[in-house]
2 protein chains.
Amino acid sequence: MTELKIQHLLTLSYLLSKGAKYNYVTITTSALGKNIHKSQQAASKHLLELEQNKFISRIISGRNLSVKITNKGYSEIVKLSSMLQKSLDSYPSVVNLQGTLVSGMGEGAYYMGLKGYTKQFKSKIGYVPFPGTLNVRLDKKIHQEAMKQFETLDGVKIKSFSDGKRTYGWVKCFSAKLNNSIKCQLIILERTHHDESVIELISKTCIRKNTKLKDGSKISIKIEIDS
Amino acid sequence: MTELKIQHLLTLSYLLSKGAKYNYVTITTSALGKNIHKSQQAASKHLLELEQNKFISRIISGRNLSVKITNKGYSEIVKLSSMLQKSLDSYPSVVNLQGTLVSGMGEGAYYMGLKGYTKQFKSKIGYVPFPGTLNVRLDKKIHQEAMKQFETLDGVKIKSFSDGKRTYGWVKCFSAKLNNSIKCQLIILERTHHDESVIELISKTCIRKNTKLKDGSKISIKIEIDS
DNA sequence: ATTACTAGCTTGCGAGTAG
DNA sequence: TCTACTCGCAAGCTAGTAA
């Protein structure tokens, strides 16, 4: 049994939309050609091949060419379409990162403890994070590159604020899971302090204390993407 | 802007299902080749071309090849998939027939008036049909051929019955509209009396009386297909 | 083991054109 | 007009193979 050639898909789809599931629809090959962005000759050949493989049946009377999709042809469209639909409906919406636990410079603790932030954290992510951030260095290029997409993803936005002396930039939060178990947030800062291969995580409690993780430990992080 | 080549669709779909919307997924070209039923070399070329046209981005480190779908690439899949989905969701489910009104041999009146049928008509199509059938000859081959599909379509089934002397075959009914206005039923008989180019219609009242249709009148019939 | 080059075959396509 | 043929070029693919 010959498979449906992928380049015939558009032709079948066009015929279907013209009602060729239940009727012999009368068409011209040049109209079909225009629709599938091919020449009249190519369209003619498509129909001949489709007929040969029993995906359509053709009736010619005089100048008129009429075409109807067979059950076999229809089920091929359905098959392909649902395969595509399935991969669109259920592709993994998770960013997987791997890296190594490293030391920050303690500034995370300072910033995360500011009232202007903590108030928002409480209401927007549901808890006041432990004052301090967990820094993870992404060792592989694929993970560093994957981070770039967070620039355009939304996440939960913690607004910038000012204490009169200076302003503190916004923070974007993304729900994450560390080593498949510990709930935390990946945070993206408006003003980043270190190079792009290091990411920062916050969580309710002090992860370093509650686990045996220390500098140099290998870490995996999964970040859920909503949209 | 170069369009997505249709033959790259399966590749993109495969990458998507592997999570390449949000991650650089590490794959081998031979695994991809197997999946899309092409050679390793073809798979390699697909990826090169997809990268060239910015549908994916590639990262190579050592032997490992990692790939992520770009926003442009993703939107192309969505575009194609939804086009296909649309033509599947909303193609016309109507059989259009055209023909000429002809005379039957009066037998329709006899059969349609039998109690064994009328009782079922009343409950299954909601009315007792005028005793008599309207015969329409399908002049064009495309309409005659289109009729063949009713053999495998279900419709409303009027069961066969016996009056002790003989049995009367089943009748399948399909909701139809004559000349875009008159509600009627196309009936398919277990035992057909005339040649296949003539179809029979029944309706609540006598169509010939209520319209100016007579033998030779051109008729159009639309039959709704449910499934 | 990889990826991706080259060569060569096959398929797909468009131009021209017959019927 | 229409379909669909032939021809010739381009694209797509596989096999072989280098790195």
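Letters A, B, ... mirror the listed sequences (proteins, then strands); counts begin at 1. Here the structure is a predicted model, which is why all the values come from computation and not from measurement.
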A.B. asks: Would you say a side-chain N or O of Lys5(B) is under 4.0 Å from OP1 or OP2 of dG12(D)?
C.D. replies: yes
A.B. asks: Tell me: NE2 of His46(B) to C1' of dA4(C), nearest whole Å?
C.D. replies: 14 Å
A.B. asks: Take atom CD1 of Ile6(A) and atom P of dC13(C), then tell me their distance rounded to the nearest Å.
C.D. replies: 13 Å
A.B. asks: For DNA chain D, which residues of residues 49-64 of chain A approach it to below 4.0 angstrom with any heavy atom?
C.D. replies: Arg58(A), Ile60(A), Arg63(A)
A.B. asks: Any luck finding a side-chain donor-acceptor pair between Asp139(B) and Thr100(B) under 3.5 Å?
C.D. replies: yes
A.B. asks: Flag yes if more than 12 heavy atoms outside Lys68(B) fall under 6.0 Å of its NZ atom; otherwise flag no.
C.D. replies: yes
A.B. asks: Distance check needed: dT1(D) P versus Leu65(A) CG, whole Å only.
C.D. replies: 18 Å
A.B. asks: I need the CD-P distance between Gln7(A) and dT10(C), as an integer number of Å.
C.D. replies: 17 Å
A.B. asks: For nucleotides 15-19 of chain C, list the nitrogen or oxygen atoms of the protein found under 3.5 Å from its nitrogen or oxygen atoms, one pair per line.
C.D. replies:
unit_1, atom_1, unit_2, atom_2, d
dA15(C), N7, Gln41(A), NE2, 2.8
dG16(C), N7, Gln41(A), NE2, 3.4
dG16(C), O6, Gln41(A), NE2, 3.0

A.B. asks: For the backbone of Glu151(B) and the side chain of Lys172(B), can you confirm whether one donor and one acceptor N or O come within less than 3.5 Å of each other?
C.D. replies: yes
A.B. asks: Would you kindly give the CD1-to-C1' distance between Ile27(B) and dT3(C), to the nearest whole Å?
C.D. replies: 11 Å
A.B. asks: Using the 3.5 Å cut-off, write out each protein N or O paired with an N or O of nucleotides 7-9 of chain D and the distance between them.
C.D. replies:
none

A.B. asks: What's the separation between atom CD1 in Ile199(B) and atom CG in Leu97(B), rounded to the nearest 0.5 Å?
C.D. replies: 5.0 Å
A.B. asks: Any salt bridge between Asp215(A) and Arg208(A), counting N to O under 4.0 Å?
C.D. replies: yes
A.B. asks: Any idea which heavy atoms bring Lys222(B) and Asn96(B) closest together, and the distance?
C.D. replies: NZ-OD1, 3.0 Å
A.B. asks: Consider only side-chain N and O atoms of Ser57(A) and Tyr24(A), and report whether a donor and an acceptor are under 3.5 Å apart.
C.D. replies: yes
A.B. asks: Okay, side chain of Thr70(B), backbone of Lys54(B): is any donor-acceptor separation there less than 3.5 Å?
C.D. replies: yes
A.B. asks: For dT14(D), does either OP1 or OP2 sit under 4.0 Å from a side-chain N or O belonging to Lys45(B)?
C.D. replies: no
A.B. asks: Does a nitrogen or oxygen in the side chain of His37(A) sit under 4.0 Å from OP1 or OP2 of dC13(C)?
C.D. replies: no
A.B. asks: Without decimals, in angstroms, what is the distance between Leu4(B) CG and dG12(D) P?
C.D. replies: 12 Å
A.B. asks: Among Met147(A), Arg137(A), His143(A), which residue meets the side chain to side chain contact (heavy atoms under 4.5 Å, CB included) test with Ser197(A)?
C.D. replies: Arg137(A)
A.B. asks: With a 4.0 Å limit, can you tell me whether Thr29(B) has a side-chain N or O closer than that to the phosphate oxygens OP1/OP2 of dT3(C)?
C.D. replies: yes
A.B. asks: Please report, rounded to the nearest Å, how far the P atom of dG12(D) is from the CG atom of Leu48(B).
C.D. replies: 13 Å
A.B. asks: Starting from P on dC5(D), measure out to CG on Leu47(A) and report it in whole angstrom.
C.D. replies: 12 Å
A.B. asks: May I ask you to say what Thr28(B) touches in the nucleic acid, namely base, sugar-phosphate or nothing, with a heavy-atom cut-off under 4.0 Å?
C.D. replies: sugar-phosphate
A.B. asks: So which atom in Glu190(B) and which in Gly169(B) form the shortest heavy-atom distance, rounded to 0.1 Å?
C.D. replies: OE1-CA, 3.1 Å
A.B. asks: Kindly compute the distance separating OG1 (Thr28(B)) from CD (Gln40(B)), expressed to the nearest 0.5 Å.
C.D. replies: 8.5 Å
A.B. asks: Looking only at side-chain N and O atoms, does His8(B) come under 4.0 Å of OP1 or OP2 in dG12(D)?
C.D. replies: no
A.B. asks: As a quick check of understanding, evaluate salt bridge (charged side-chain N to carboxylate O under 4.0 Å, His left out) for Glu49(A) and Lys5(A), giving each step before the final call.
C.D. replies: CA-CA 9 Å; Glu49(A) 288 184 24; Lys5(A) 291 185 186 175; 3.1 Å; yes
